[in-house]
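Heads up: the structure comes next, in C-alpha cells.
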Amino acid sequence: MSGKRQFRIWRGDESGGDLQDYMVEVNEGEVVLDVIHRLQATDAPDLACRWNCKAGKCGSCSMEINGKPRLGCMTRMSTFGDDETVTVTPLRTFPVIRDLVTDVSFNYEKARETPAFAPPADVAPGDYRMQQVDVERSQEFRKCIECFLCQTVCHVIRDHEENKQAFSGPRYFIRAAELDMHPLDARTDRKEYAQAEQGLGFCNITKCCTEVCPEHIKITDNGIIPMKERVVDRRYDPLVWLGSKIFRRGETPQTSVTTARQGSATPGSARGGVHSHAGGSHDSRAETQAQSGVNWHREVPHPTAPAVDDRGKLPLTELTFDRAAAPSPFGDDVTFPLPPEHLNFAHPEQDNKH
Amino acid sequence: MTTTTRIERHHYDVVVIGAGGAGLRAAIEARLAGKKTAIISKSLFGKAHTVMAEGGAAAAMGNVNSRDNWQVHFRDTMRGGKFLNNFRMAELHAKESPQRIWELETYGALFDRTKDGKISQRNFGGHEYPRLAHVGDRTGLELIRTLQQKIVSLQQEDQREFGSYDARIRVFSETTITELLLDGDRVAGAFGYYRESGEFILFEAPAVVLATGGVGRSYKVTSNSWEYTGDGHALALRAGATLINMEFLQFHPTGMVWPPSVKGILVTESVRGDGGVLKNSDGKRFMFDYVPDVFRKQYAETEEEADRWYTDPDNNRRPPELLPRDEVARAINSEVKAGRGSPAGGVFLDIASRRSADEIRRRLPSMYHQFKELADVDITAEPMEVGPTCHYVMGGVEVDPDSGAAFGHVRGLFAAGEVSGGMHGSNRLGGNSLSDLLVFGKRAGGHAASYADGLTARPKVAVHEVEAAVETALAPLQRDTGENPYTLQQDLQAVMGDLVGIIRREGELADALVRLAELRERVAKVSAAGGRRYNPGWHLALDLRNMLVVSECTAKAALERQESRGGHTREDYPAMEPKWRQVNLVCALDGDTVQLTRKPLPKMRPELIGLFDRAELAKYLTDEELADFDALVADAGEADNR
Ligand SMILES: Cc1cc2nc3c(=O)[nH]c(=O)nc-3n(C[C@H](O)[C@H](O)[C@H](O)COP(=O)(O)OP(=O)(O)OC[C@H]3O[C@@H](n4cnc5c(N)ncnc54)[C@H](O)[C@@H]3O)c2cc1C
Ligand code: SF4
Ligand code: SF4
Ligand code: FES
C-alpha cells in the first residue's frame, strides 16, 4: 500500500482560501492524521491542524474528509481506494481560523450556558450510592470526547448561522439528558430547559449526529428522543393525545409514553427479528415487548411541535424558511398517513388468537 | 518599548499554567479561596493529556477489599518507587486521595459501581488490593470532564453574582506560556502567545502554579502528545527553581507496536489486570522468569496459582504480569533482544484466549475500539503486539511536599501533577498519577492563594524582560537560514531514544551529552517558515529549547547515577545500590548550563518506616539505616513493656 497519494487540503484563513494539491508518501497502516504530519514535516511546515492523542480519545483532530466529518486520527488510509484523491477540509459549521483549524468557541459558550450538575443537598461526599444500571445511561453520554462532529453535521446550524443563537446542538442535548438521567442530580427541569433554552424543538431527528459520533453514542435514540418524549408528556402533543384516545386498554389509560412503565403488554403477531422501536432504551422488558408485538412504552421517535416564540407563533416565516409553506405543526419528521407500526393499535381480538 | 506597549495584559491573583487534572484542580481551589484565577492551556479546554489516562485513579477507599487503607497504599507507593519517593508526599497522597475522589462525585462524576452502590475499584500493577476508581477504560476523560464542568459551574455562580462568567476564573485555551517573569526572586507574571493569532499576552500575577505535565515528546516512541515538551520543567529551571529525579522515566511496558503509525499508543494495564497475559514468539508466558527477588513473596510461581488469583485474590498470589511497570518493560525488552519477539518487534499480549468476547468488550470497551479502528485488530479474537513506550516522567520540579511551593531561589512558584517531582520516586505505580493530580493540585492551588494573600505589595513586571521575551519568541520567524524544527525534533528524539532510552550505558550517555550540546547550537538557530497565525512549525521551534534543556537534565542525571533503580536502568551498574537510595540528584540552571548536585533524601518518620517488614527494608536500606531501624524497633518494644 506504500506509495505516493494525492491529497487536496484546504489552505487559507477567514479571508478566504482554496484546496491545494499535494502528493504525499503513505505507508501501510497509516491514518489521515499521519499524512498531515508528514506534510508538516516536509512540504507544508505551517499547515495548521489540531491534534493531541492520536488515539481517538481527545476529540481534537476533527476535520471533514471527503466531505464527511471525521477524526483524522481514526480514519485509516486503507479505507480509500488506491488512486482515490483524499480531500480534507475544515469543519464547515464553525468559522475558519487557519487551514484545518476552526473557531469552536460556539460549543464552549453553549457548554457554559448549560446548568451544571446540582449535587443532592443532604448527601455527604463519600456517601453517594448508585447502582451500576442506573449510572450506565448517563455514562454513555459521558463518553463524549467533545470532538463536535455532531455539532458540525447538524443541519440546523450547518448552513444556518441564524439558528446558532437559539440552538445548542446534539452535544448539549446529551449533556442535558445525561444530567436528567443522573440518579442524584437535584434539578428536575432538565427537559424543560432543553426545550425552552437549548432549542431542542429545532431538532427533527435526522440522526446525522448519531451517524458521525466517533464514540458511537446513540445521541438521538438514547438522548434526544427520550428528552423530547418527556417534554411532550407535559405539553400538548397531538400524537400522544391521539394514542390515548384511540386505544385505552383496560387498566392503563395512557397519556404518557414513558412515565408509566407498568402498562399491559399485548402479545401480538410475533415479528421475531431484532427490529425494535424501543430505541435502545436499555429497558430489556420494553425491548422484548416491542419484539413480541405492540409495546405501549416503546420509545418511538415522537414528533414535537416546533417551539413557538413569545408571541406564540412559529419563529419561522415563509420568507426565511427553507421550503415552501409553513412547517407542519406535527413536526417535519412526521409524514401522513402515519406508518402502521407507529400507531399504538392492537386489534381487540388479537389476544384471543393465542 | 514600542513592541511591549501593545501587548494584551491581564491581572490575576493566581495563574495556573496547564489545564490537565492538576491544573484544573488547582484553579478550582484558588477560585474557591476567592482569588481571581486564570487557567492557561496549549490546547483546547478539556483536551489536556489527562484525557488519555485509561486505567483509573488509585485511592484506598476499601470499597472492594475492606482491608485496604492508607497505610497499605503508602507502602505500595514506596515499594513501587523503590523507596526513593519523598515519603511525605507519598503519605499525603495515600491519606487524601479518597476524599479527592469522593469530592469528584459531588462535581458530577459517575464512576463504575460496586454491587452495593459504592465506587468500584480495580486491580492494577503494584497495588496490593483493588484500588483504582475507574470508568470503563476512560477514567482520565471522566476526571477532566468533571473538573471542566465544575469550573463551568463556578463560572455560572460568578455570572449570577457579577454578571460575567469570567469574573473570577477564566480559561485561556490554545495559549502557550514561553517565559516566567520575575521581580527579584519573586514571580511577577507569565508571558506567552495565543496560538490562534500569534499575538502576545502578558499575565501579571504574584503566584503561578505549574501544571504542565511531562516531557515524553523527546522520545520517538511515546504515548505522549505534542504538548509534552517539558515546558513547565524548563520554565521552572529558568526561573531559578530546581528539578529532581530527572533520570527516572517510565517506559510503559505495553504500547502498541503495530501498525507503525500508532507506535507508542498505550494499551492499558487493565488488560493485564483483567486477565491478559504476555507471551513471546514461542507462545511461552515468560513473566514468571522475571520476578525479581524483592517481589518474590507477592507473586505467583505457577500459571495455575496466577490464574486462581483473578477470582480469589485473598488466597493466591498475583500473576507476574502485574509486576510494576519498570520490571515488565525490562522483561519485554530482554525477550525481544533474545530474539523471541513478535514480527513488529514487541511481544504478544493475549486476552482473546482467556476471556469471552463479550466480557472483553464490556470491560475494555475503548481498548477494543482503539484496536479495531486504529489497527484493524480484533482483540477478542487475536493477541495484540505490544512493546515499551515512553510514558511518564517521575522527575520534576522539586517542591515542598505540603504546599507544592518550588524549591531553589524563587518564590511564588508552585507545581503539581506530572511536572512536579518526588512523589513517585524512581517509578510511578499505575493509577497513582490521577490521584496525585487531585491531591497536590488542590494543595498547590490553595497554597498559591494564601501566598498571594500574604504579600504586602504585588511584584512588578520589568519592561525589558517583556521585550526580551518578545524577541526570543519572534526570533525563529525572523531567521530564514536555520534548520526546520521538525528535523531538529527528530534528531533530538533519535539521541534520546537511542542513547538515553530504557537501558543505559556510560559511553552512550556521555555521547548523548556531546550530541545534545551540538543540538543546542542548532536549536538556537532554528527557523520557522510562515506567519504568526496558528503556525505549528513556529510553535515547535519555541518548544524545542525546552525539550533540549530537559533532555540535558535527564542525560546528566542518568550518567551520574551509577545504579539501576525503577525507571533508570544502567547496563554497567545493574544492581540497586542502598547508598544511592539516600541521594536525590538535583538539577539547576547556571546561566544556560545544567548543574547537577547531590542532595540527601529526607528521612522517613518512625511511625511510617515502622509500617514495613525488616526483611523488606533490608533490600533497600544501608546497614547503618538498618541499625537505626533496629534501634527504633527496640525502643518501641521497650515502650510497650513499660
Ligand atoms: C496514554 C496514557 C495513559 C495514562 N493512564 C493513566 C492511568 O490510568 N492512571 C493514572 O493515574 N495515570 C495515567 N497516565 C498518566 C497521567 O495521565 C498523567 O501523568 C497526568 O494526566 C498528567 O496530568 P497533569 O495535570 O500533570 O498534566 P496534563 O493533563 O498533561 O496537562 C498539561 C497541561 O499543561 C498545558 N501546558 C503545557 N505546557 C504549557 C505551556 N507552555 N503553556 C501553557 N500551557 C501549557 C497543556 O496544554 C495541558 O493543558 C496516563 C498517561 C498517558 C499518556
Ligand atoms: S438528529 Fe437533531 S440534533 Fe441530530 S443532526 Fe439531526 S437535527 Fe441535528
Ligand atoms: S456526542 Fe459524539 S460526535 Fe458529538 S461531540 Fe461527543 S463524541 Fe463528538
Ligand atoms: S488526536 Fe485525539 S481524537 Fe484524534
Side-chain angles (χ1 to χ4, degrees), chain A residues 13 27-31 33-34 40-42 45-60 73-74 76 78 97-99 101 103-104 108 111-112 114-117 119 123 125-132 134-135 138-139 142-146 179 182 184-185 214-216, chain B residues 43-47 49 51-52 98-99 102-103 105-108 110-113 116-118 120 135-136 138 141-142 145 149-150 152-153 155-156 165 196 225-227 258-262 265-266 366 369-370 373-376 484-487 490 528-531 533-538:
Chain A
D13 54 29
N27 300 319
E28 195 184 341
E30 288 188 332
V31 293
L33 189 63
D34 289 314
Q40 286 179 333
T42 54
D46 62 337
L47 169 61
C49 168
R50 286 195 181 104
W51 70 282
N52 268 16
C53 66
K54 240 185 136 251
K57 288 177 189 293
C58 72
S60 305
C73 71
M74 296 296 273
R76 269 183 285 127
S78 60
I97 291 174
R98 212 167 77 79
D99 304 342
V101 175
D103 176 359
V104 291
Y108 289 97
R112 209 143 79 160
T114 311
F117 172 68
V123 189
D127 289 347
Y128 282 46
R129 293 289 177 274
M130 296 175 259
Q131 288 304 314
Q132 183 63 28
D134 296 328
V135 298
S138 296
Q139 278 182 335
R142 291 186 71 83
K143 285 196 305 197
C144 171
I145 58 174
E146 300 205 328
L179 290 167
H182 190 302
L184 292 175
D185 179 47
E215 285 293 306
H216 307 301
Chain B
S43 41
L44 291 171
F45 190 28
K47 310 278 181 211
H49 220 73
V51 111
M52 291 161 71
Q99 277 125 288
W102 286 325
E103 191 172 68
E105 289 199 302
T106 70
Y107 299 171
L110 283 174
F111 291 101
D112 287 350
R113 318 304 296 182
D116 52 355
K118 297 180 184 167
S120 169
V135 187
R138 54 162 190 86
L141 173 65
E142 184 70 13
R145 202 63 83 231
Q149 288 164 348
K150 173 65 181 178
V152 162
S153 95
Q155 290 181 322
Q156 289 171 350
Y165 289 113
E196 231 169 63
S225 84
W226 64 270
E227 290 192 307
W258 179 258
S261 66
V262 293
I265 290 176
L266 218 64
S366 73
H369 186 81
Q370 171 178 325
E373 307 217 352
L374 290 174
D376 204 13
N484 173 341
Y486 295 95
T487 316
Q490 273 164 21
R533 283 181 75 87
Y534 218 108
N535 181 346
W538 177 41

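Naming convention: chains lettered A, B, ... in sequence-line order (proteins, then strands); numbering from 1 in each chain.
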Item checked: Contact origin within A/Val101 toward chain B - heavy atom pairs under 4.5 Å -> side chain

Next item on the list: Sort A/Arg76 into side chain, backbone, both or neither according to what part of it lies under 4.5 angstrom from a heavy atom of chain B.
Entry: side chain

Notebook entry, point to check: Between A/Pro125, A/Cys49, A/Gly56, which has the largest tally of heavy atom pairs under 4.5 Å with chain B?
Noted result: A/Pro125

Item checked: Verdict with reasoning, A/Asp127 to B/Trp102, per side chain to side chain contact (heavy atoms under 4.5 Å, CB included) -> CA-CA 8 Å; A/Asp127 289 347; B/Trp102 286 325; over 6 Å; no

Next item on the list: Could you tell me which portion of B/Glu142 (side chain, backbone, both or neither) has an atom closer than 4.5 angstrom to a non-hydrogen atom of chain A?
Entry: both

Notebook entry, point to check: With chain A, which of B/Glu103, B/His49, B/Met52 has the greatest number of heavy-atom pairs at distances under 4.5 Å?
Noted result: B/Met52

Next item on the list: Sort out for me which of B/Gly537, B/Gly531, B/Pro536 touches chain A most, counting heavy-atom pairs under 4.5 Å.
Entry: B/Pro536

Checklist line | The single option from B/His369, B/Gln370, B/Arg138 passing side chain to side chain contact (heavy atoms under 4.5 Å, CB included) against A/Lys57 | finding: B/Gln370

Next item on the list: Tell me, for B/Glu227 versus chain A, whether the close heavy atoms (under 4.5 Å) come from the side chain, the backbone, both or neither.
Entry: side chain

Item checked: Under 4.5 Å from any heavy atom of chain B - which part of A/Ile145 -> both

Notebook entry, point to check: With sequence neighbours left out, what residues match A/Asp34 under side-chain contact (heavy atoms from CB on, under 4.5 Å)?
Noted result: A/Glu30, A/Val31, A/Lys54, B/Ser261

Note to self: Quick check for you: among A/Glu146, A/Arg129, A/Gln131, A/Arg142, which has the greatest number of heavy-atom pairs under 4.5 Å with chain B?
What the structure shows: A/Arg142

Check: When heavy-atom pairs shorter than 4.5 Å are enumerated against chain B, which of A/Thr42, A/Asp103, A/Asp13, A/Thr114 gives the highest number?
Finding: A/Thr114

Note to self: Which atoms of B/Leu110 are under 4.5 Å from chain A, going by heavy atoms: the side chain, the backbone, both sets, or neither?
What the structure shows: both

Check: A/Cys73, A/Ala55, A/Ala111: which one forms the most heavy-atom pairs within less than 4.5 Å of chain B?
Finding: A/Ala55

Notebook entry, point to check: Should the pair A/Trp51 and B/Trp226 be assigned to parallel (<30°), tilted (30 to 60°) or perpendicular (>60°) ring geometry?
Noted result: tilted

Margin query: Checking the side chain of B/Arg113 only, and the main-chain atoms of A/Asp134 only, is there a donor and an acceptor separated by less than 3.5 Å?
Written below: no

Next item on the list: Check each atom of A/Tyr108 against the heavy atoms of chain B and say whether the ones under 4.5 Å are side chain, backbone, both or neither.
Entry: side chain

Next item on the list: Evaluate the side-chain proximity of A/Gln40 to B/Tyr486: yes if any heavy-atom separation is below 4.5 Å, no if none is.
Entry: yes

Notebook entry, point to check: Between atom SG of A/Cys144 and atom CG of B/Leu141, what is the distance when rounded to the nearest 0.5 Å?
Noted result: 8.0 Å

Notebook entry, point to check: What's the shortest heavy-atom distance between A/Arg98 and B/Tyr534, and which atoms?
Noted result: NH2-O, 3.2 Å

Next item on the list: Mind listing the closest non-hydrogen atom pair of B/Tyr107 and A/Phe117 along with its distance?
Entry: C-CD2, 3.6 Å

Margin query: With chain B as the partner, which of A/Leu33, A/Leu47, A/Leu184 has the greatest number of non-hydrogen pairs under 4.5 Å?
Written below: A/Leu47

Item checked: Contact class of B/Asp112 relative to chain A, heavy atoms under 4.5 angstrom -> both

Check: Under 3.5 Å, is there a donor-acceptor pair between the side chain of B/Lys47 and the main chain of A/Cys53?
Finding: no

Item checked: Student check: side-chain heavy atoms of B/Phe111 and A/Val135 closer than 4.5 Å -> no

Note to self: Using heavy-atom distances under 4.5 Å, tell me whether B/Leu44 contacts chain A through its side chain, its backbone, both, or neither.
What the structure shows: both

Next item on the list: Using modelled atom types only, decide if a donor and an acceptor are shared between the side chain of B/Glu105 and the backbone of A/Gly126 within a distance under 3.5 Å.
Entry: no

Notebook entry, point to check: Where the side chain of B/Gln156 meets the backbone of A/Ala116, is there a donor-acceptor pair that is under 3.5 Å apart?
Noted result: yes

Next item on the list: Supply the atom-to-atom distance B/Arg533 CZ to A/Ile97 CD1, rounded to the nearest 0.5 angstrom.
Entry: 7.0 Å

Check: So what's closer than 4.5 Å to chain B heavy atoms on A/Val104: side chain, backbone, both or neither?
Finding: side chain

Next item on the list: With sequence neighbours excluded, tell me which residues meet salt bridge (Lys or Arg N to Asp or Glu O under 4.0 Å) with B/Lys150.
Entry: none

Item checked: Contacting moiety of B/Ser43, where chain A heavy atoms sit under 4.5 Å -> side chain

